[in-house]
Structure formats: structure tokens, C-alpha cells
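Please read these numbers as outputs of a predicted model, since none were measured by experiment. For the single chain, residues carry numbers from 1 onward in sequence order.
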Amino acid sequence: MAQPSFRGVVSEFDSGRGLGTLIAADGRAYLFHCIEIADGSREITCGAKVMFDLLPKLGRYEAANLVKF
């Protein structure tokens with residue numbers, strides 16, 4: 001499997017809802033769902049540095065395939 005294309009930092013994560021936001025290196029914010037955390041943990045800490053891909057969803061892009069580094 002190819003390495004994710006983008007880098008960013010997790011800025012928010014609500015473990016109860018499984019929803020979070022990350023800020024990409026270019027300053028754009030992207031939403032993500034916990035099922036997109038690649039290690040299968042369904043949990044991630046704010047401030048975690050991640051690599052990710054973008055997935056088009058309902059007229060916008062969301063972060064997918066989050067890999068901590």
C-alpha cells in the first residue's frame with residue numbers, strides 16, 4: 001500500500017462521537033472519522049502528527065488513512 005500523500009496535525013478529536021479535525025501542512029482543516037485511523041485503534045490524541053489521504057465525500061474532502069508518525 002502506498003504512503004499517504006499529505007501531512008498534518010490532529011487539532012480536535014471527540015472520542016464519544018468518533019469525529020475529529022486535523023490541520024494540514026498548508027493550513028487547511030479536514031474532518032475525519034475514527035474508522036479512518038489506519039492502525040485500527042479508533043483513538044488519537046490532539047497534537048498527533050499524521051500523514052493522510054483525501055477522500056471526496058458529499059461535496060467536500062475528508063481526511064482518510066491517517067497514519068501517525
Side-chain angles (χ1 to χ4, degrees):
M1 183 175 219
Q3 285 287 338
S5 305
F6 302 94
R7 291 177 183 249
V9 177
V10 175
S11 60
E12 299 176 40
F13 185 67
D14 181 338
S15 60
R17 293 177 50 209
L19 298 174
T21 304
L22 63 81
I23 305 298
D26 66 2
R28 293 182 188 186
Y30 296 102
L31 299 174
F32 68 90
H33 189 269
C34 65
I35 63 169
E36 295 297 343
I37 301 169
D39 68 5
S41 68
R42 305 296 187 253
E43 291 284 334
I44 196 162
T45 57
C46 290
K49 294 179 182 180
V50 294
M51 294 185 295
F52 64 97
D53 292 320
L54 291 177
L55 179 67
K57 216 168 200 186
L58 300 173
R60 65 173 187 252
Y61 285 98
E62 291 188 6
N65 190 29
L66 277 70
V67 178
K68 294 183 258 184
F69 70 93

- In chain order, what residues pass the side-chain contact (heavy atoms from CB on, under 4.5 Å) check against Tyr30, with sequence neighbours excluded? Leu22, Ala24, Arg28, Phe52, Leu54, Tyr61, Ala63

- Apart from Met51 itself, its cluster of hydrophobic side chains linked below 4.5 Å comprises Val67, Phe69

- Taking only residues two or more places apart in sequence or in another chain, which ones pass side chain to side chain donor-acceptor pair (under 3.5 Å) with Glu36? none

- Item | Side-chain heavy atoms of Leu31 within contact of Arg60, under 4.5 Å | yes

- Across all chains, not counting sequence neighbours, the side chain to side chain donor-acceptor pair (under 3.5 Å) partners of Thr45 are none

- Message: If the condition is side-chain contact (heavy atoms from CB on, under 4.5 Å), which residues does Ile35 pass it with, not counting sequence neighbours?
- Response: His33, Arg42

- Looking only at heavy atoms, what is the nearest atom pair of Glu43 and Lys68, with distance? O-NZ, 4.3 Å

- Query: Residues in salt bridge (Lys or Arg N to Asp or Glu O under 4.0 Å) with Lys49, at least two apart?
  - Reply: none

Between side-chain atoms of residues 4-21 and protein atoms elsewhere (two or more places apart, or another chain), which donor-acceptor pairs fall under 3.5 Å?
| from | atom 1 | to | atom 2 | distance (Å) |
| --- | --- | --- | --- | --- |
| Ser11 | OG | Thr21 | O | 3.2 |
| Asp14 | OD1 | Gly16 | N | 3.0 |
| Asp14 | OD1 | Arg17 | N | 3.2 |

- Message: A side-chain contact here means heavy atoms from C-beta on lying under 4.5 Å apart; do Phe32 and Ile44 qualify?
- Response: yes

